[in-house]
Student: 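Here it is: the structure, laid out below.
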Protein chains: 2
Amino acid sequence: MKQKITIKDIAKELGVSTSTVSKALKDSYEISESTKLKIKAFADFYHFKPNSLALKLRSQKTMVIGVVIPEIVHHFFSRVISGIEQVANKRGYNVMICVSNESYDKELLNIEMLANGSVDGILISLSKETQKIKDFNHFNELTENSIPFVLFDRVENEINCDKIIIDDEGGAYKATSYLIEKGAKKIALITTPDYVTVGELRKKGYMRALQKFGLDYNPSIVMAIDQNDDDHEAIYNQIKKLIFVKNPPDAIFAVNELYAALALRIAKERGLNVPNDLEIIGFTDGIISEFSSPSLTTVAQHGATMGKHAAEMLINRIEKKISEAFQTEIISANIMFRESTK
Amino acid sequence: MKQKITIKDIAKELGVSTSTVSKALKDSYEISESTKLKIKAFADFYHFKPNSLALKLRSQKTMVIGVVIPEIVHHFFSRVISGIEQVANKRGYNVMICVSNESYDKELLNIEMLANGSVDGILISLSKETQKIKDFNHFNELTENSIPFVLFDRVENEINCDKIIIDDEGGAYKATSYLIEKGAKKIALITTPDYVTVGELRKKGYMRALQKFGLDYNPSIVMAIDQNDDDHEAIYNQIKKLIFVKNPPDAIFAVNELYAALALRIAKERGLNVPNDLEIIGFTDGIISEFSSPSLTTVAQHGATMGKHAAEMLINRIEKKISEAFQTEIISANIMFRESTK
DNA sequence: TTTCAACACGAAAACGGTTTCGCAAATGCT
DNA sequence: AGCATTTGCGAAACCGTTTTCGTGTTGAAA
């Protein structure tokens, strides 16, 4: 139960001043070899490690970056975190994770907490509620306090900062076009409410593809799911309404893999053969898509890549390696072909 | 680009001392109402927030708990983190995540980093490599510096600290017994190498069940997978050797859901009907088990619960709410029945 | 013998707060 | 009026470190 040893203890014990100790440990030219040796030996013996809080206070740098995400038990977000963690570590930073649980209040609290000198910069993906009520004042506060932050995946144009997203619109366009080219005539869309930006963008891509190929947009086969992502039962019941009808669609594009997987289950229950009677493409290339049966064709969302780039952008800002205007980086989305499409 | 306002700025501006400001903001009885009002108004106006580093340095408390986990893109561990985050938040703590990537060196680095006054306590799940080489000196260091820590899930008896695990042995026993009771005669085990404690314990449970029901332990249908968890291909090829044989087993108990899901896929490829020709039970009740087809019966690992309890234990230690001897808490494991068993 | 640079180190300020203690002025009490 | 007690505030120490700016000693050059 030894108490942690400080520089003062060493100074007192060795009859020198704290400044001498500090300098000796940093191999300063000001200190004689003999004194250095003595001090270093003593410090080593007692496993001296400078108190990191003191260092941070002094240097005004925490070497920590904060991350605010809507959920953590989520394959995509955990991949993003993994990417963030990798580059943060490489560049000497640690990562502090906060979860908003899709709640505006929690997001606000987290950001205020992190902004109070706990971190050097923040990475944020907006909560659904924030996107719904469109209140972004907490970000102004960050800007005023000149705390660098970058938004990823769920971003918002109104907020003036660095952003990184994947090509949601383009990915959806590619997926829908592919379905059309393979002969689908009645392509359903399972999406989120429009206030979720990524949902809206993917819907746009879907619509653009329809238009390009001269198909009509049919609202009756477009379903916006407003349930919480972990209430599988409720989502299941919603989607059922789309598939358990007289003339079900012959293809489905779903804006995430959960919706796609549930649609797949329901299709099988309805006796439809996937992909022959019904093709399905999801979004977010995760573990569900890989292990469902048939496995799901998806638009890959490259979570780790996004996390890495976001962290790079943020750290570059923090270290002033970039001082130009804010950038928005778009990661292109490609299709992972599996068994749920022909 | 306003600079953050400090207590000194307020003091100077209002012609009082910093101590007066500090006390006024804390509603101290020492300060007159009028002065308090004036100071608070000023502070509010400039959005004064005390610098958290200064507070931490003074109080010698960071209100942060560190978490060292082997992987983050992992359903079980992300659930654990989620549980940790919930109770940490409730009790006013923040969470700092470090990933060891199953590497001893990285684990060591992370722990040393966290031990340097960055956090008030640490939650750890051992990396595979650490369990393999059995070097636990970094934990002695924590003890010497009296930094509270608790081990969860992947623990080690040699390390003297609080621990929390699920009933791996019991869960495996229940699962295996269930398979036997339903008539299985040739139950294969897909497990990890023995140095992974949870694998070893689950194997013990499996063996105890065999013994109880008078079945022989048959090493030829026990497979220890030594591949990295994200090399699905390699694991797939391993497991294939177990199933693509003349007389395949009639049941499989797998120590995690990845092995179970891959076994399921291979069984279907081999033309076996699950559960009629082959029953499968996995471990770790995750998203793969839920969405595979047929869905997988598993032993539920209750990640969130484990995270919550671990955080409670740690914070109680930190706040000295418990001062007794170290405890090991065991969370009981129950079976989630789904379609891969009869 | 004086002068000056180099050497080796210490004092003190700084980071941004909290907290103990002391002290003057105002008030209460007799 | 004289004494004790509040009241209201400031000085200073403190948390643990870094860093600037002296300063005393030594040795060598003039």
Student: Is there any side chain to side chain donor-acceptor pair (under 3.5 Å) pair reaching into residues 119-128 of chain B, and which pairs are they, with sequence neighbours excluded?
Tutor: B/Thr62-B/Asp120, B/Glu107-B/Ser127, B/Ser127-B/Thr130

Student: In the structure I gave you, are the side-chain heavy atoms of A/Cys161 and A/Thr143 within less than 4.5 Å of one another anywhere?
Tutor: no

Student: Might you list the N or O atoms of the protein lying below 3.5 Å from N or O atoms in nucleotides 5-9 of chain C, with each pair's distance?
Tutor:
from	atom 1	to	atom 2	distance (Å)
C/dC9	OP1	A/Thr35	OG1	2.6
C/dC9	OP2	A/Ser32	N	2.9
C/dC9	OP2	A/Ser32	OG	3.0
C/dC9	OP2	A/Thr35	OG1	3.0
C/dC9	N4	A/Glu30	OE1	2.5

Student: Rounded to the nearest 0.5 Å, how far apart are NZ of A/Lys26 and NZ of A/Lys36?
Tutor: 13.0 Å

Student: Could you work out, with side chain to side chain contact (heavy atoms under 4.5 Å, CB included) as the rule, every residue matching A/Glu30, not counting sequence neighbours?
Tutor: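 Here the qualifying residues are A/Lys23, A/Ser28.
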
Student: Send over the distance from B/Leu25 CG to D/dG8 P, rounded to a whole Å.
Tutor: 17 Å

Student: Compare side-chain N and O positions of B/Ser22 against OP1 and OP2 of C/dT18 and report whether any pair is under 4.0 Å apart.
Tutor: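 Answer is yes, contact under 4.0 Å.
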
Student: Separation of B/Ile5 atom CD1 from C/dC15 atom P, in whole Å?
Tutor: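 To the nearest whole Å, that distance equals 15 Å.
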
Student: Over how many whole Å does the gap from A/Lys8 atom NZ to D/dT18 atom P extend?
Tutor: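 It works out to 13 Å between those atoms.
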
Student: How would you list, by chain and number, every residue that makes a side chain to side chain contact (heavy atoms under 4.5 Å, CB included) with A/Leu37, sequence neighbours excluded?
Tutor: none

Student: Any chance the side chains of A/His309 and A/Glu329 put a donor and an acceptor closer than 3.5 Å?
Tutor: yes

Student: Just to be sure I understand the geometry, which residues of residues 49-63 of chain A put a non-hydrogen atom under 4.0 Å away from DNA chain C?
Tutor: A/Leu57, A/Arg58, A/Gln60

Student: Could you check whether B/Ser19 and B/Ser22, counting side-chain N and O atoms only, form a donor-acceptor pair closer than 3.5 Å?
Tutor: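 Side chains of B/Ser22 and B/Ser19: no pair found under 3.5 Å.
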
Student: Identify whether any heavy atom of B/Ser19 sits under 4.0 Å from a base atom; if not, whether one sits that close to sugar-phosphate; answer base, sugar-phosphate or nothing.
Tutor: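 Here B/Ser19 touches the bases of the nucleic acid.
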
Student: Just how far, in rounded Å, is P of C/dT19 from CG of B/Asp27?
Tutor: 14 Å

Student: Atom CD1 of B/Ile7 to atom P of D/dA11: distance rounded to whole Å?
Tutor: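 Those two atoms, CD1 and P, are 15 Å apart.
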
Student: Calculate the interatomic distance between A/Ile10 atom CD1 and C/dG10 atom P; express it in whole Å.
Tutor: 14 Å

Student: From CD1 of B/Ile39 over to P of C/dG17, roughly how many Å is that when rounded to an integer?
Tutor: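 Those two atoms, CD1 and P, are 14 Å apart.
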
Student: If you count every heavy atom of other residues, nucleotides or ligands that lies below 6.0 Å from B/Asn157 atom CG, does the total exceed 12?
Tutor: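 No - once you tally the heavy atoms of other residues, nucleotides and ligands closer than 6.0 Å, there are 12 at most.
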
Student: Could you give the NZ-to-C1' distance, from B/Lys38 to D/dC9, as a whole number of Å?
Tutor: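 Whole-Å distance recorded here is 11 Å.
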
Student: So, using side chain to side chain donor-acceptor pair (under 3.5 Å) as the criterion, who are the partners of B/Thr18 when residues are at least two apart?
Tutor: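 Side chain to side chain donor-acceptor pair (under 3.5 Å) list for B/Thr18, sorted by chain: empty.
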
